Enquirer: 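After the structure tokens below, expect a handful of questions from me.
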2 protein chains.
Amino acid sequence: MSNSTALPLVILTENFAKLPGIGMKTAERLAYYVMQSPKEYAESFAAALIDVKNSVTECKICCNFSESEICGVCKNPKREASTICVVTTPKDIESFERTNEYHGVYHVLHGLLSPMDNIRPDDIRIKELLIRLQTPETPVKEVIMATNPTVEGEATAMYIARLLKPLGIKVTRIALGIPVGSSLEYADSVTLWRAIQNRNEL
Amino acid sequence: MSNSTALPLVILTENFAKLPGIGMKTAERLAYYVMQSPKEYAESFAAALIDVKNSVTECKICCNFSESEICGVCKNPKREASTICVVTTPKDIESFERTNEYHGVYHVLHGLLSPMDNIRPDDIRIKELLIRLQTPETPVKEVIMATNPTVEGEATAMYIARLLKPLGIKVTRIALGIPVGSSLEYADSVTLWRAIQNRNEL
């Protein structure tokens, strides 16, 4: 932006542009939008930004983002604490909750193993999972590995599965196959082969 | 979002989702990004939001966004105050400034006439333009209408041109034609016809 633009607008634009997927053009558009919105919007937006950093921490049990020491899922006595679904990010919990079918609890890794990016077992919440499994209030019967079916996701799932084997806990992996409602025509060959390998009896 | 999400994250997501072109999925992603960023980022972002509403107003002369009573362009003695380029939004000034060729001044309408959306002459900065033309420090020789070549843009340009005729000021319209570097193959027929109408002698 040139010097024909007011400095506060330039600074706001730069802040927007730091967000993932927001380029300079979009950031400029968003900054102008805020400029032309009621003052109340800018104020509530600013308060929300501060609030999210000040009052949200990680649940002491599952490492999900939470306002309290223990998150809503871990606190809920109706959830089956004997089944733990291991996910990569807090957002993944959202996806499972939307199914309205899963009644177990979660564990958030906050990342995946990736030697290329120098992300090692100590950098994600694997230690927290092990401590949790060794000192549970409710005995854990099953750990479901629900990381993405990518190289890093698969490697992390395999690594954790190997760590848990000696503890005598059942470790499972979410099924890979054809998405519901999709067409075989558009499925890639690796997915198709997995769908055949994981076939179920009718 | 379900109740497995911390409330401050939900509120921040809703604030992001109010921005133009940002849907709920993207807003969620941005809120999680802020949550995982350093606290300094959230703080500077929040301060920028407040600052833009508190310290940016409209230039008393050209109605562009400005930190001071008179904006940088109007204050600059090197700009030719005898030529006024009339634009729709402050962002359009950015575009003209990027050409590094225009040395006149601007006038921002902050909108276009649109009877359908109930935007009438009093809702945009036409009155301010007339006052400016009738009581200028420097006599104005030319007013360039640089609104978009849309129905509303054309109508607003025509409306203002008719208002300025009795004042004896030259009113011009930016040229419509083929964009530089583009191919005739992809030009629509209306643009092509305008390009022929506005042809120049070589």
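Given the structure is predicted, the values throughout are model-derived calculations rather than measurements. By convention in this document, chain letters (A, B, ...) are assigned in the order of the sequence lines, proteins followed by strands, and residues within each chain are numbered from 1.
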Enquirer: Looking at chain A, which one of B:Glu14, B:Lys39, B:Lys18, B:Lys91 has the largest number of heavy-atom pairs inside 4.5 Å, strictly under?
Expert: B:Lys91
Enquirer: Under 6.0 Å from the NZ atom of A:Lys75, do we count more than 12 heavy atoms belonging to anything else shown?
Expert: yes
Enquirer: Determine whether a donor-acceptor pair (N or O, by modelled atom type, separation under 3.5 Å) exists between the side chain of A:Glu67 and the backbone of B:Pro8.
Expert: no
Enquirer: Checking heavy atoms, do the side chain of A:Ser37, its backbone, both or neither come under 4.5 Å from chain B?
Expert: backbone
Enquirer: Can you confirm whether more than 12 heavy atoms, excluding those of A:Arg194, are under 6.0 Å from its CZ atom?
Expert: no
Enquirer: Report, as yes or no, whether the 6.0 Å neighbourhood of atom CZ on B:Arg79 holds more than 12 heavy atoms from other residues, nucleotides or ligands.
Expert: yes
Enquirer: Given that the side chain runs from C-beta out, which part of A:Asn76 has a heavy atom under 4.5 Å from chain B: side chain, backbone, both or neither?
Expert: neither
Enquirer: Once you round to the nearest 0.5 Å, how far does CD1 of B:Ile22 lie from CD1 of A:Ile22?
Expert: 4.0 Å
Enquirer: Would you indicate whether B:Glu69, at its atom CD, is surrounded by more than 12 heavy atoms from other residues, nucleotides or ligands within a distance under 6.0 Å?
Expert: no
Enquirer: What distance separates A:Phe45 CZ from B:Leu12 CG, expressed to the nearest 0.5 Å?
Expert: 6.0 Å
Enquirer: Side chain from CB out, backbone as N, CA, C, O: work out which of these in A:Ser44 comes under 4.5 Å of a heavy atom of chain B, or both, or neither.
Expert: both
Enquirer: For side chain to side chain contact (heavy atoms under 4.5 Å, CB included), just list the numbers for B:Phe16 and A:Leu30, CA-CA rounded to whole Å, side-chain angles, deciding distance to a tenth of an Å, and then say yes or no.
Expert: CA-CA 10 Å; B:Phe16 270 121; A:Leu30 298 180; over 6 Å; no
Enquirer: Under a 4.5 Å cut-off applied to non-hydrogen side-chain atoms, are A:Leu7 and B:Val56 in contact?
Expert: no
Enquirer: When rounded to the nearest 0.5 angstrom, what distance separates OG1 in B:Thr89 from CD in A:Gln36?
Expert: 7.5 Å
Enquirer: Most heavy-atom pairs under 4.5 angstrom with chain A, which of B:Ile11, B:Thr26, B:Ile50?
Expert: B:Ile50
Enquirer: Within the distance-only criterion (no hydrogens, no angle test), does the side chain of B:Lys53 pair as donor or acceptor with the backbone N or O of A:Met35 below 3.5 angstrom?
Expert: yes
Enquirer: Describe, in one word, how the ring planes of B:Tyr32 and A:Phe65 are oriented to each other, choosing from parallel (under 30°), tilted (30 to 60°) and perpendicular (over 60°).
Expert: parallel
Enquirer: Is there a side-chain contact between B:Asn15 and A:Leu49, using heavy atoms and a 4.5 Å cut-off?
Expert: no
